[in-house]
Asker: 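Below is one structure. I have some questions about it.
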2 protein chains.
Amino acid sequence: MKKQTLVLATHDDQLARRWHALGEGWTLVRANRFDALPAGATLALIDAALPDLPAFTHPAWAKLSPTLRMVFASSQPNDPEGLAAINAGCSGYCHAFASAEHLSQVLNVVAAGELWVGRSILARLLRAVESRTAPPAAPAWAGPLTEREREVAQRAALGEANADIAAALAITERTVKSHLTSVFEKLGVNDRLQLALRVHGIK
Amino acid sequence: MKKQTLVLATHDDQLARRWHALGEGWTLVRANRFDALPAGATLALIDAALPDLPAFTHPAWAKLSPTLRMVFASSQPNDPEGLAAINAGCSGYCHAFASAEHLSQVLNVVAAGELWVGRSILARLLRAVESRTAPPAAPAWAGPLTEREREVAQRAALGEANADIAAALAITERTVKSHLTSVFEKLGVNDRLQLALRVHGIK
DNA sequence: CGGCGCATCGTACTCAAGGACAGTATCCGG
DNA sequence: CCGGATACTGTCCTTGAGTACGATGCGCCG
């Protein structure tokens, strides 16, 4: 297997020496600045402390990400920064002073085209989706509601007028209002807008 | 480095032979059933097609996960199953017939205490949080709105009454209505509920 | 059987929302 | 200097939403 070129992008000589320790398996190239990333490179380990590092929202990241697989290394990793890095197009996020074994593993994974994020971030991601993949199975808001009330609430929460709901369910507008009154009371809200926010998980 | 024991849990002999190919680096042990997982094992590759596999919600998973690092291997991987597996306590999720190199990588990562999920699931996770962390950064809905209109729209979308918004912004309720009228017109909606759905990314 | 929950429908009332029509003041760029 | 955008305010009016105070019919369970 031919050695792949790995760009070590850091301004910190000490860190650079440390990173050079993971020498086997890679053709190492040093870059002192973000601007100095070699054009043809395909894999880079990027120090969060680089002086000229652009903000994650800067288009430079989007420009690089399609061709360059970037691992963002922070000396003080934290979840928000990690998420931002991944969102910016980085393929990995880890501790800058991690062990050579760990860094190698991260780089191997990323070089293989996968993404790497740590336990902590993954756990946070899972928690985030959990709360939005679970609802469809068990609509938490519909706890004490009856079947009919749920139908009406669902439609009201999507912005349908009472008259439309009545027509759709083949009942009177009066009945729709009746159901909604029950729904409001049971869910402890005052109007259909509050209901909508509740149903859709806002507030 | 002492070889770690890896349990290959599958009922499928063909798959078992295939998995035995990743022999180096592990002490391989075969298990034919979920019930037959060795008590002291610390790492297991589990076939999704196991006949006696309990549902992910079954307590058996929670009982195993603290001591046993499980990689769930499906012959037809899909995101929902992957998410369920991770939520059930598995440390990894991958394709059952993936290459030996790929499986080794997954197992190494998991053995190191990290979690492994594929690009696809990770991307889905990112999208899920993106939509709840990004909005503050780039409110797409506020395209043609003026600064003041945005403030009013934001509050209205959270269910505040016109009078409350007026009080909060130290203006007249009439002015709030005026701004909202502009907002409705610009966003092509009819009332504050539609506005709320738009602002919060529903519809 | 009698109570209870659920779904349905009626009339009447109050009120916030939103639109119609209009006016004043500021600031900025051609 | 004037047109245009923005912010702010006013009055009048219509309408939908929500509530109050009812009523009827049905199925279920003790």
Side-chain angles (χ1 to χ4, degrees), chain A residues 57 134-203, chain B residues 135-203:
Chain A
T57 53
W141 51 273
L145 300 188
T146 69
E147 179 61 23
R148 207 53 162 167
E149 286 166 353
R150 246 199 52 260
E151 297 179 62
V152 175
Q154 180 70 53
R155 289 173 178 273
L158 284 175
E160 285 189 49
N162 290 342
D164 296 336
I165 302 176
L169 299 185
I171 54 181
T172 312
E173 180 174 351
R174 178 63 192 80
T175 306
V176 174
K177 286 187 175 185
S178 175
H179 286 312
L180 279 180
T181 300
S182 300
V183 170
F184 295 154
E185 202 276 323
K186 287 181 180 176
L187 297 187
V189 299
N190 298 316
D191 51 42
R192 59 214 296 119
L193 211 171
Q194 299 291 339
L195 170 64
L197 297 179
R198 179 74 74 85
V199 166
H200 296 115
I202 333 276
K203 288 176 86 169
Chain B
W141 51 272
L145 301 189
T146 69
E147 179 62 21
R148 206 52 163 167
E149 287 165 352
R150 248 199 50 262
E151 297 179 62
V152 176
Q154 179 70 54
R155 289 173 178 273
L158 285 174
E160 284 190 48
N162 289 343
D164 296 336
I165 302 176
L169 300 185
I171 55 181
T172 311
E173 180 174 350
R174 178 62 191 81
T175 306
V176 174
K177 286 186 175 184
S178 175
H179 286 311
L180 278 180
T181 301
S182 302
V183 170
F184 294 154
E185 202 276 323
K186 288 181 178 175
L187 296 187
V189 299
N190 298 316
D191 51 42
R192 59 213 296 121
L193 210 171
Q194 299 290 339
L195 169 65
L197 297 179
R198 179 74 73 83
V199 166
H200 296 114
I202 332 274
K203 287 176 89 170

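Numbered from 1 within each chain, the chains take letters A, B, ... in sequence-line order. Bear in mind the structure is a predicted one, so any value in this text is a computation, not a measurement.
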Asker: Nearest whole Å is fine: how far is dA25(C) P from I171(B) CD1?
Answerer: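 Taking atom P of dA25(C) as the reference, CD1 of I171(B) is at 19 Å.
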
Asker: By nearest heavy atom, map L180(A) and L169(B) onto DNA chain D; which one lands nearer the 5' end?
Answerer: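 Nearest nucleotide further toward 5': that of L169(B).
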
Asker: Please confirm whether the backbone N or O of V189(A) pairs with a side-chain atom of R198(A), one donor and one acceptor, at under 3.5 Å?
Answerer: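 Absent.
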
Asker: Considering heavy-atom distances to DNA chain D, does A170(B) or F184(A) have its closest nucleotide positioned more toward the 5' end?
Answerer: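 It is A170(B), whose closest nucleotide lies nearer the 5' terminus.
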
Asker: What does S182(A) touch in the nucleic acid at a heavy-atom separation under 4.0 angstrom: a base, only the sugar-phosphate, or nothing?
Answerer: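 The residue S182(A) makes no contact with any strand.
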
Asker: For the pair made of CD in E160(B) and P in dA16(C), what is the distance, rounded to whole Å?
Answerer: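 After rounding, the reported distance stands at 16 Å.
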
Asker: H179(A) NE2 to dT8(C) C1': how many Å, rounded?
Answerer: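 Whole-Å distance recorded here is 7 Å.
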
Asker: Whole angstroms only, please: what is the CG-P distance between D191(B) and dA17(D)?
Answerer: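 Nearest whole value for this atom pair: 9 Å.
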
Asker: Taking only side-chain nitrogens and oxygens of S178(B), does any of them come within less than 4.0 Å of OP1 or OP2 of dT9(D)?
Answerer: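 The answer is no; no side-chain N or O of S178(B) sits under 4.0 Å from OP1 or OP2.
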
Asker: With a 4.0 Å cut-off on heavy atoms, is A161(B) in touch with a base, just the backbone sugar-phosphate, or nothing at all?
Answerer: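 Contact class for A161(B): sugar-phosphate only.
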
Asker: Is there a donor on the side chain of R174(B) or the base of dT11(D) sitting less than 3.5 Å from an acceptor on the other?
Answerer: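 Per atom types, the contact qualifies.
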
Asker: Nearest-Å distance, CD (E149(B)) to C1' (dT6(D))?
Answerer: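 These atoms are roughly 8 Å apart.
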
Asker: Counting side-chain heavy atoms from C-beta on, which of dC9(C), dT19(D), dG18(C) comes nearest to T172(A)?
Answerer: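 My answer, after comparing the listed nucleotides, is dC9(C).
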
Asker: Minimum heavy-atom separation for L180(A) to A156(A), with atom names?
Answerer: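 Closest approach of L180(A) to A156(A), heavy atoms only: CD2-CB, 3.9 Å.
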
Asker: Hey, does the side chain of T146(A) come within less than 4.0 Å of dG5(C)'s phosphate (OP1/OP2), counting only N and O?
Answerer: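 For dG5(C), neither OP1 nor OP2 has a side-chain N or O of T146(A) closer than 4.0 Å.
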
Asker: Just how far, in rounded Å, is P of dA17(D) from CD of E173(A)?
Answerer: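 For the pair E173(A) CD and dA17(D) P, the rounded distance is 6 Å.
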
Asker: Can you tell me the distance, in whole Å, between the CG atom of N190(A) and the C1' atom of dG16(D)?
Answerer: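 That distance rounds to 17 Å.
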
Asker: Is the backbone N or O of E149(B) less than 3.5 Å from a side-chain atom of T146(B), with the two atoms forming a donor-acceptor pair by type?
Answerer: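 Present.
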
Asker: For R148(A) and dT8(C), is the shortest distance between a side-chain N/O and OP1 or OP2 below 4.0 Å?
Answerer: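 So the side chain of R148(A) is within the cut-off, an N or O lying under 4.0 Å from OP1 or OP2 of dT8(C).
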
Asker: Hey, does the side chain of T175(A) come within less than 4.0 Å of dT8(C)'s phosphate (OP1/OP2), counting only N and O?
Answerer: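 For dT8(C), neither OP1 nor OP2 has a side-chain N or O of T175(A) closer than 4.0 Å.
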
Asker: In whole angstroms, how far is the P atom of dA7(C) from the CD atom of E147(A)?
Answerer: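 Answer to the nearest Å: 8 Å.
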
Asker: Counting just side-chain N and O atoms, does T181(B) come under 4.0 Å of either OP1 or OP2 of dG19(C)?
Answerer: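 Yes, such a contact exists.
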
Asker: Any heavy-atom pair between the side chains of L169(B) and V176(B) that's under 4.5 Å?
Answerer: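 No, every pair of side-chain atoms sits at 4.5 Å or beyond.
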
Asker: Has N162(A) got a side-chain N or O lying under 4.0 Å from the OP1 or OP2 atom of dG16(D)?
Answerer: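 No.
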
Asker: Here's a test for you: under side-chain hydrogen bond (donor to acceptor under 3.5 Å, both in side chains), which of R155(A), R192(A), K177(A) qualifies with N162(A)?
Answerer: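 The residue from R155(A), R192(A), K177(A) that satisfies side-chain hydrogen bond (donor to acceptor under 3.5 Å, both in side chains) with N162(A) turns out to be R192(A).
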
